[in-house]
Visitor: 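Before we start, here is the structure in question, set down as structure tokens.
Each ligand, and each atom within it, is numbered from 1 in the order the structure gives. Each residue takes its place number in the sequence, starting with 1. Below, each value reflects all heavy atoms present in this structure, side chains not excepted, and no hydrogens, waters or symmetry copies.
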Amino acid sequence: MHESNFAVLGTGGIGRRMLEVSTEKAGLTPVAACDRHGVAIDHDGLDVDELLAATEGNVASDPEGRDVTTDGGSASTRGSGVKQTGEDAGVVASAQATATETPIDDVIAESDRIDAVLIALPNFEHDFIPRVADRFADADYSGVLVDVLKRSRVIGMLDERADTFRERGITFVCGAGATPGLLTGAAAIAAQSFVEVEAVDIWWGVGLKSGYEDNRGTVREDIAHLPGYDIEDAHKMSDEEIAAVIDEHDGVIEFRDMEHADDVLLERAGICDAADVTVGGILDVTADEKPTTTTVRVTGRTFDGETATNTFQLGDDTSMEANVNGPALGYMKAALRRNRAGEYGVFGPAELMPGF
Ligand SMILES: NC(=O)c1ccc[n+]([C@@H]2O[C@H](COP(=O)([O-])OP(=O)(O)OC[C@H]3O[C@@H](n4cnc5c(N)ncnc54)[C@H](O)[C@@H]3O)[C@@H](O)[C@H]2O)c1
């Protein structure tokens with residue numbers, strides 16, 4: 001088995017769990033992790049237990065540009081037990097980390113010794129992740145980049161960079177979380193029974209009571225999918241305003257017709273038209289139980305003229321973190337194999353599945 005090392009950009013709700021899950025995957029050593037305020041790098045392998053203990057209840061997820069104090073908490077989060085700003089916020093609380101104003105550049109400076117980079121950064125500017133990828137390419141990084149982004153429009157921005165990635169020897173896997181990611185891959189497999197796919201319906205359920213504090217970033221981004229909001233609104237809203245939206249829905253928010261990249265990722269793999277894909281779901285921050293079972297339905301026509309629906313469901317006891325991070329690391333391993341074989345460019349999760 002090949003041993004590979006990797007870095008995590010962003011140690012928020014997702015990135016922290018990425019480090020934790022990686023300790024259960026074979027042949028992966030985390031060697032770098034950063035957030036907005038700090039960076040930890042150890043080419044012999046980070047002490048994940050220490051890093052997780054130091055950052056427990058201490059995620060530096062303060063969205064850029066909002067009013068924050070420097071005394072240990074934004075006005076809105078002080079007293080909530082979640083330390084989001086200030087000198088010891090986030091990864092710098094770990095003995096392995098140092099404070100820095102250039103966390104991503106600090107990882108890039110070491111990237112000639114890093115096989116893969118998992119990007120678990122927020123997506124409040126659509127081109128943020130593509131621009132981060134540019135910085136790696138500009139530094140002549142050669143290796144794997146994986147993101148867990150959600151928005152359809154970002155895939156095209158990455159595609160525009162595919163030639164550069166190929167020149168540099170970068171294998172980029174985009175949209176490799178749960179949805180898009182795990183569920184997109186499941187749809188690609190379910191489609192194999194058919195010669196023509198008519199519809200792909202993705203319906204997710206997330207119960208986030210105990211995980212809410214750690215996943216404020218994701219909840220904020222989800223609110224941008226509600227009618228009347230966009231990501232700029234969600235970015236600028238105070239924590240109180242976010243809480244007010246959640247309260248208006250009694251803590252249970254239903255989303256319809258979300259701009260999730262499952263659509264363009266299935267189209268680019270030749271499975272169906274993007275217009276035939278719908279994504280929606282229910283987020284419940286009042287309970288840990290999923291409010292609805294996460295289900296993928298793929299309807300199509302078989303070679304012998306039947307129309308049928310293949311259905312894939314997640315177990316109700318699998319958490320959002322399990323369904324994002326297991327697949328992200330799994331797709332990273334698939335990308336490492338491709339990278340070693342000299343396959344470079346931009347790949348979606350469906351392209352790493354059986355072909356159509
Ligand atoms: N595809 C999926 O199924 C799925 C599911 C959940 C979350 N996500 C995505 O995962 C991403 C992360 O979500 P989260 O809940 O962990 O967010 P979060 O706000 O908790 O964490 C973001 C992290 O990025 C760091 N960060 C922000 N700007 C930075 C910068 N300029 N330089 C260095 N670090 C920076 C923050 O300090 C924080 O550690 C989001 O984009 C979200 O959409 C995808």
Visitor: What do you reckon, is NZ of K25 surrounded by more than 12 foreign heavy atoms closer than 6.0 Å?
Guide: yes
Visitor: Applying ring pair (Phe, Tyr, Trp, His ring centres under 6.0 Å), which residue pairs with at least one partner in residues 150-190 are found, sequence neighbours left out?
Guide: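 Residue pairs passing ring pair (Phe, Tyr, Trp, His ring centres under 6.0 Å), neighbours aside: F165-F172.
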Visitor: Taking heavy atoms and a distance under 4.0 Å, where does N323 meet ligand 1: side chain, backbone, both or neither?
Guide: neither
Visitor: Which part of K150 is near ligand 1, with near meaning a heavy atom under 4.0 Å away: side chain, backbone, both or neither?
Guide: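 Side chain only; the backbone of K150 stays clear of ligand 1.
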Visitor: For ligand 1, which atoms, with element, lie under 4.0 Å from some heavy atom of P103?
Guide: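 Once the distances to P103 are compared, the set is 32 (N), 33 (C).
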Visitor: Does only the side chain of M320 get under 4.0 Å from ligand 1, or the backbone, or both, or neither? Count heavy atoms.
Guide: side chain
Visitor: Report the part of F128 in contact with ligand 1, treating N, CA, C, O as backbone and CB onward as side chain, heavy atoms under 4.0 Å; options are side chain, backbone, both, neither.
Guide: side chain
Visitor: Using distance alone, decide if ligand 1 has a nitrogen or oxygen within less than 3.5 Å of any nitrogen or oxygen in G12.
Guide: yes
Visitor: Under 3.5 Å between some N or O of ligand 1 and some N or O of L121?
Guide: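 L121 vs ligand 1: N/O contact under 3.5 Å present.
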Visitor: Give the numbers and elements of all ligand 1 atoms closer than 4.0 Å to a heavy atom of G13.
Guide: 16 (O), 20 (O)
Visitor: Which is closest to atom 25 (C) of ligand 1 in terms of heavy atoms, R151, R36, R16?
Guide: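 Of the listed residues, R36 has the closest heavy atom.
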Visitor: So H260 and H225, would you call those rings parallel, tilted or perpendicular, with 30° and 60° as cut-offs?
Guide: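 Judged by the thresholds at 30° and 60°, the geometry between H260 and H225 is perpendicular.
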Visitor: Below 4.0 angstrom from a heavy atom of E221, which ligand 1 atoms are there? Numbered from 1 as shown, please.
Guide: 40 (C), 41 (O), 42 (C), 43 (O)
Visitor: Using a cut-off of 6.0 Å, state whether more than 12 heavy atoms not belonging to R135 lie near its atom CZ.
Guide: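 It does: R135 CZ has more than 12 such atoms within range.
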Visitor: Less than 3.5 Å between some nitrogen or oxygen of V148 and one of ligand 1, yes or no?
Guide: yes
Visitor: Would you say that more than 12 heavy atoms from the other residues, nucleotides or ligands in this model lie under 6.0 Å from the NE2 of H249, or not?
Guide: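 Enclosed.
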Visitor: Before you tell me yes or no, could you show the steps for T100 and T102 under side-chain hydrogen bond (donor to acceptor under 3.5 Å, both in side chains), namely the whole-Å CA-CA distance, both residues' side-chain angles and the distance that decides it to 0.1 Å?
Guide: CA-CA 5 Å; T100 174; T102 54; 3.2 Å; yes
Visitor: So, 4.0 Å and heavy atoms of G90: is ligand 1 close enough to count as a contact?
Guide: no
Visitor: Can you confirm whether E101 is buried at CD, in the sense that more than 12 heavy atoms of other residues, nucleotides or ligands lie under 6.0 Å from that atom?
Guide: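 No, not enclosed.
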Visitor: Side chain, backbone, both or neither: which part of T218 comes within less than 4.0 Å of ligand 1 when only heavy atoms are counted?
Guide: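 It is both backbone and side chain that touch ligand 1.
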Visitor: Check ligand 1 against T11 and write out every atom of the ligand that is under 4.0 Å from a heavy-atom position of the residue.
Guide: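 Matching atoms, with element in brackets: 39 (O).
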Visitor: Between ligand 1 and A178, is the shortest N or O to N or O distance under 3.5 Å?
Guide: yes
Visitor: Go through the structure and list residues passing side-chain contact (heavy atoms from CB on, under 4.5 Å) with T164, not counting sequence neighbours.
Guide: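 Once residues adjacent in sequence are excluded, the partners of T164 under the side-chain contact (heavy atoms from CB on, under 4.5 Å) criterion are A137, R168.
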